[in-house]
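First the proteins, then the strands, lettered A, B, ... as listed; each starts at 1. Here the structure is a predicted model, which is why all the values come from computation and not from measurement.
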There are 2 protein chains.
Amino acid sequence: MSEIDAAESADLVAAWRELLARHAATACALDRELGERFGLGMSEFEVLERLAESRDEWAGKLRVQELGEKVHLSQSALSRLIGRLEKDGLVERHMCTEDRRGVFVLLSEVGWQRYQEARPLHRAVLRRSLMGRQPSCG
Amino acid sequence: MSEIDAAESADLVAAWRELLARHAATACALDRELGERFGLGMSEFEVLERLAESRDEWAGKLRVQELGEKVHLSQSALSRLIGRLEKDGLVERHMCTEDRRGVFVLLSEVGWQRYQEARPLHRAVLRRSLMGRQPSCG
DNA sequence: TTGCATTGATTGCACATGCATGTAGTGTCA
DNA sequence: TGACACTACATGCATGTGCAATCAATGCAA
């Protein structure tokens, strides 16, 4: 391994550790704070947000598959996450009549309100955690 | 919410999604590839690497607490991870005689070799995943 | 010395995740 | 029409995780 490769490796590792630290700190803070105050995990919020963003164009309705492309979860994890949101009344599942294998996930009114309540905290955590130097967690 | 705040929020969210995507892609690739070829998860490798880095100064021996400061895992997760590494013969646990609450984790010869074997793949994954645009995963 | 708060690490438990599989629906080709 | 490959989503299962409780050791103060 040449010195140049070694230096490049060291840079890569440093960048990766930086990314890991920011991710851990932010994800942990989001999970804790959104969980405490709104009963939402980081990924639950993410799904609500994607649905909320589709509100104008698609009436807050997305197929599970479309959500899967946006959120970094396995298909099974996403399915169960939607189940939890559904149980809490934040979203509804609807059959997709064009393709009856598909399932629409629809943001409920309660879900929309919960999202709007939680959003300022979410942004505050991002601001605090992504801008400043990382606090530790977990 | 003023327009400036809205723009700042949008930037934050964009940065956070970018970070999430890079993290997911890289972590997933590391887990899969290190797992397939060396039976190591991402965090297992990280712990081996921290121990390996302490080899010159501390003979590859760190206290659990010191590891905990470097790796983004809860105390319990780290304890069990060390348990797995120990079961596989990659590290050894030793009582810390100065403070008998503490535990030293010592990189074994097998662990050192495994680390050296796995490192090139680890670096290759980082290079591929951190430099290029993110592939999707999970 | 005794008593008590604190620290370091492990363990019980609940839960979220991913992989593999199952099930139902779609599309294609003969 | 029937067989077959493929897609969308859900579920069984094993595993890794964090929180809270636990246990042992330390340090400090009375």
In whole Å, I'd like the distance from the CZ atom of A:Arg84 to the P atom of D:dT11.
14 Å
Please examine the side chains of A:Glu86 and A:Ser108, heavy atoms only from C-beta on, and report whether any two atoms are closer than 4.5 Å.
no
Would you call B:Glu109-B:Arg55 a salt bridge at under 4.0 Å N-O?
yes
C:dC15 P sits how many Å from A:Asp88 CG, rounded?
13 Å
Could you check how far NE2 of B:His72 sits from C1' of D:dG18, rounded to whole Å?
16 Å
State the CD-CG distance between B:Gln116 and B:Leu48, to the nearest 0.5 angstrom.
11.5 Å
Whole angstrom value for the distance that separates C1' of C:dT17 from NE2 of B:His23:
14 Å
What is the separation between atom CD on A:Glu33 and atom P on D:dC19, rounded to the nearest whole Å?
13 Å
Does B:Arg17 come within less than 4.0 Å of A:Glu49, counting only side-chain N to carboxylate O?
yes
For B:Arg100 and D:dA25, give me the distance from atom CZ to atom C1', rounded to whole Å.
8 Å
Nearest-Å distance, CG (A:Leu40) to C1' (C:dA16)?
15 Å
As a quick check of understanding, evaluate side chain to side chain contact (heavy atoms under 4.5 Å, CB included) for B:Arg63 and B:Cys96, giving each step before the final call.
CA-CA 8 Å; B:Arg63 294 199 36 175; B:Cys96 176; 3.8 Å; yes
With a 4.0 Å cut-off, would you call A:Glu57 and A:Arg50 a salt bridge?
no
Treat primed atoms plus P, OP1 and OP2 as sugar-phosphate and everything else as base, then score nucleotides 2-12 of chain C 5' to 3': B for base contact with protein heavy atoms under 4.0 Å, S for sugar-phosphate contact only, - for none.
-----BSBBBB
Between B:Met42 (CE) and D:dT17 (C1'), how many Å, whole number?
13 Å
